[in-house]
Number of protein chains: 2
Amino acid sequence: MPRTEQTNTAERILEVAQDLIQRRGYNAISFEDIAKKVGIKKPSIVHHYASKAALGRAVVRRYRSNFSSMLDDIARDPEKTAADALAFYFVPYLDFGATKDKICLCGALSGEFMALPKTMQTEVAAFFQDHQSWLEGILRRGRENKELQVVDEDPAAAAAWILDALHGSLIIKRATNDPGHVQRLVDSLKAKYIRSSSG
Amino acid sequence: MPRTEQTNTAERILEVAQDLIQRRGYNAISFEDIAKKVGIKKPSIVHHYASKAALGRAVVRRYRSNFSSMLDDIARDPEKTAADALAFYFVPYLDFGATKDKICLCGALSGEFMALPKTMQTEVAAFFQDHQSWLEGILRRGRENKELQVVDEDPAAAAAWILDALHGSLIIKRATNDPGHVQRLVDSLKAKYIRSSSG
DNA sequence: GTCTATACAAAGATAGAC
DNA sequence: GTCTATCTTTGTATAGAC
């Protein structure tokens with residue numbers, strides 16, 4: 001009856017669904033799985049999200065939006081150098097890397113991309129494009145400022161390379177059960193792009 | 001009745017199943033999908049592979065084995081330099097990259113890794129470990145021979161980086177429908193590691 | 001080795017009471 | 001907004017004829 005509790009159900013469904021997709025993918029999970037974790041019954045989910053596709057789309061959209069807000073905050077912060085921004089960008093990947101069985105939501109969905117509803121495909125594509133653009137902007141700024149070491153490289157190519165490597169590292173760290181995998185990649189990336197204070 | 005025809009059915013099932021998984025993942029496909037493409041009925045598949053998990057495992061095992069044979073042939077060929085071997089390694093990725101909706105089998109399976117049968121997980125993990133070891137060996141040889149530019153880098157770290165980037169590039173090229181994505185990454189990798197003949 | 005027929009469980013989704 | 005009950009389809013798998 002308290003209205004505040006009820007409004008949160010839609011949000012809790014999104015959180016649980018996201019967590020499950022990051023672990024197991026989209027086609028392997030069901031309303032039943034989600035309902036159990038939220039502590040409700042299957043039809044209650046349908047009340048909030050008309051279909052599994054609609055729920056899936058809402059999950060990716062929210063994830064993408066949250067990520068973008070964070071990235072924009074960093075990019076706009078006048079106290080942050082391009083090197084700071086790049087280092088901050090790595091943090092969520094390091095966080096996923098530190099878990100045993102979670103990866104980026106959109107990385108998880110990419111394996112079964114062609115078996116995803118069209119509306120979800122659109123959101124996943126937009127996620128990667130957001131990140132490509134953002135990274136490209138940071139690298140370009142860092143090259144002009146000399147805050148980053150982007151010398152013989154096209155910023156667009158470097159951005160794609162970084163994005164490819166980070167997402168690849170997540171799927172491989174989980175498949176090979178290698179806890180240090182992502183950390184080692186990020187160390188390499190930092191060594192390459194971020195001018196070290198000791199050198 | 002001709003025995004030669006019948007023996008091939010098991011093989012054709014593997015080929016079709018692999019193709020479907022590379023496009024849509026494991027949990028999104030069914031015996032029905034496979035049977036239709038092979039031109040048989042569902043129960044005929046079960047005759048060759050006792051369960052979906054058994055079929056899935058056979059698909060990955062065969063893929064891994066074929067890939068490894070190719071890699072070993074290249075590595076053992078005395079006429080091939082480390083640079084040749086690395087360039088050859090990129091070819092299958094470029095081939096996947098040239099398709100609209102196919103990626104590496106093990107990359108496709110990695111998104112839903114935790115929702116895979118244990119026996120499949122083992123094969124997928126072994127695939128990535130095979131490739132890590134092989135790349136590491138080639139890079140180490142190339143560094144000693146001076147056939148490759150691996151200077152300030154640990155060969156193990158460089159191998160992981162290359163593997164991460166290639167698999168990441170496949171999932172992102174498909175999600176963003178970017179036909180040149182993998183080619184651009186491979187160009188970057190070649191520029192970095194393979195001493196160009198013109199410079 | 002392939003088929004028809006069928007068992008059985010799980011999935012997404014709907015109807016309607018509370 | 002949540003529930004029970006149910007519909008319908010699809011999935012994996014089995015039984016047994018040919």
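What you see below is based on every heavy atom in this structure, not just the backbone, and it leaves out hydrogens, waters and symmetry mates. Just so it is clear, the structure is predicted and the values come from calculations on it, not from any experiment. Proteins get letters first, then strands, A, B, ... in listed order; numbering begins at 1 in each.
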J.: Using a 4.5 Å cut-off on heavy atoms from C-beta on, say whether the side chain of A:R24 contacts that of A:D101.
T.: no

J.: Would you give a per-nucleotide map of nucleotides 9-15 of chain D, 5' to 3', where B means the base has a protein non-hydrogen atom under 4.0 Å away, S means only the sugar-phosphate does, and - means neither?
T.: --SBSB-

J.: Only one of A:D130, A:L166, A:I162 forms a side chain to side chain contact (heavy atoms under 4.5 Å, CB included) with A:L135, so which one is it?
T.: A:I162

J.: Write out all pairs satisfying ring pair (Phe, Tyr, Trp, His ring centres under 6.0 Å) with one or both partners inside residues 137-170 of chain B, taking only residues at least two apart or from two chains.
T.: A:W161-B:W161, B:Y93-B:H167, B:F128-B:H167

J.: Between B:L189 and B:K192, is there a side-chain heavy-atom distance shorter than 4.5 Å?
T.: no

J.: Could you give the CD1-to-P distance, from A:I40 to C:dC18, as a whole number of Å?
T.: 21 Å

J.: What residues, two or more places apart in sequence or in another chain, satisfy salt bridge (Lys or Arg N to Asp or Glu O under 4.0 Å) together with A:D72?
T.: none

J.: Figure out the NE2/P separation between B:H47 and C:dT4, and round it to whole Å.
T.: 16 Å

J.: Does a side-chain N or O of B:T9 approach OP1 or OP2 of C:dT2 to a distance below 4.0 Å, or not?
T.: yes

J.: Only counting residues at least two apart or in another chain, list the ones meeting side chain to side chain donor-acceptor pair (under 3.5 Å) with B:R57.
T.: none

J.: Suppose we screen for side chain to side chain donor-acceptor pair (under 3.5 Å). Which residues come up paired with B:D73, at least two apart in sequence or across chains?
T.: none

J.: Could you give the angle between the helix axes at the two ends of the helix from C:dG1-D:dC18 to C:dC18-D:dG1, with five pairs per end, rounded to 10 degrees?
T.: 0°

J.: Quick one: A:H48 NE2 to C:dA13 P, roughly how many Å, whole number?
T.: 16 Å

J.: Whole Å only: how far is the NZ atom of A:K41 from the P atom of C:dC18?
T.: 18 Å

J.: Using the ring of B:Y26 (Phe, Tyr or Trp, six-membered ring only), decide whether B:K52 places NZ or CZ under 6.0 Å from its centre and within 45 degrees of its axis.
T.: yes

